[in-house]
Amino acid sequence: MTSPGHPEPTAQELPTTADPAVDPSHAQPQTSGRSRRPHRRGGGALLLKRLGTYLIVAVVSVLLNFILPRFMPGDPATQLIKDIVAKTGAPPSGYQMRLIKARYGDPDRSVLLQFWDYLVQLAHGDLGKSIEYYPVNVTTLINQALPWTLYLAIASTILGWIVGTWLGVRLGWKPGRKLDSIVTPLSMFFSSIPAFWLGLLIVWYFAYKNGWFPNQGA
């Protein structure tokens, strides 16, 4: 039965179960399958892009670590020989000089051969010996400083997370107050300064200028 003025729908106007607009079971698998495939492809492409970026950074770091010291005046082997002469009053023997140059790089040798030796030592985990703390290995110095570096990094990360979260909640709960007008501009100002430069300024002011904190050690 239909009300007056409303004719009965014809067979062409009646919805069918095969129509995806009426029966969502026919359309849902297609849309869900289409939405998952680009997501997987995008995740794989992002991972490859990140890996490529890390690889480029590693290669550039190795090249700069090899090239930059060679633009500096002098070389490690010559400087070490001068230090030995200043301490002992006599120049090292020819055999000792050959050992020093073999260890720290012969400046008269080809740059390509020096770079090849550098890559071979780096692949074996040999970072050489320290010039300042000779004959201590560089790896030994890194292992001595690494625990304190990790302690400082973990402690500062936890402290920054606690303070930042508390301030963010406090300012976001009641924005526009006096605290918000003071903290927000200060945070924007300090966030625009590179962290390493700000750290140097803080060490200079609190440790070297005023002596409130020690400038080295734990």
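Below, all heavy atoms of this structure are taken into account, side chains as well, without hydrogens, waters or symmetry copies.
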(request) Please assess Val203 against Phe213 for the test side-chain contact (heavy atoms from CB on, under 4.5 Å), listing each intermediate value before the final yes or no. (result) CA-CA 8 Å; Val203 171; Phe213 295 97; over 6 Å; no
(request) For the pair Thr184 (side chain) and Ser181 (backbone), establish whether a donor and an acceptor sit closer than 3.5 Å, ignoring hydrogens and angles. (result) no
(message) Just so I know, are the side chains of Ser61 and Val57 near enough to count as touching, which here means a heavy-atom distance under 4.5 Å?
(response) yes
(message) To the nearest 0.5 Å, what is the distance between CG on Leu146 and CD1 on Ile142?
(response) 8.5 Å
(message) Quick check against the 3.5 Å criterion: does Thr165 have a side-chain atom that pairs as donor or acceptor with the backbone of Ile162?
(response) no
(message) Nearest 0.5 angstrom please: Ser191 OG to Leu186 CG, how far?
(response) 10.5 Å
(request) Locate the shortest heavy-atom distance separating Val120 from His124; write the atom from each residue and the value. (result) O-ND1, 2.7 Å
(message) Nearest 0.5 angstrom please: Thr157 OG1 to Leu152 CG, how far?
(response) 8.5 Å
(message) Same cluster or not: Val163 versus Val169, using hydrophobic residues (I, L, V, M, F, W, Y) connected whenever any side-chain heavy atoms lie under 4.5 Å apart?
(response) no
(message) Looking at Asn143 and Thr139, would you say the former's side chain and the latter's main chain have a donor-acceptor pair under 3.5 Å?
(response) yes
(message) Quick check: do Leu51 and Leu47 have side-chain heavy atoms less than 4.5 Å from each other?
(response) yes
(request) Tell me whether Leu63 is reachable from Tyr118 by hopping between hydrophobic residues (I, L, V, M, F, W, Y) whose side-chain heavy atoms are closer than 4.5 Å. (result) yes
(request) Output the distance between atom NZ (Lys87) and atom NZ (Lys82), rounded to the nearest 0.5 Å. (result) 15.0 Å
(message) Using side-chain heavy atoms (C-beta onward) and a distance below 4.5 Å, is Leu201 in contact with Tyr205?
(response) no
(request) Have a look at Phe115 and tell me which of Leu113, Leu112, Asp117, Leu119 forms a side-chain contact (heavy atoms from CB on, under 4.5 Å) with it. (result) Leu119
(request) Give the cluster check for Tyr208 versus Phe206: same hydrophobic cluster or not, with ILVMFWY residues linked at side-chain heavy-atom distances below 4.5 Å. (result) yes
(request) Verify the cluster assignment for Ile202 and Trp197: are they in a single hydrophobic cluster under the rule of side-chain heavy atoms below 4.5 Å apart? (result) yes
(request) Report whether Leu198 and Phe196 are members of the same hydrophobic cluster (ILVMFWY, side-chain heavy atoms less than 4.5 Å apart, transitive linking). (result) yes
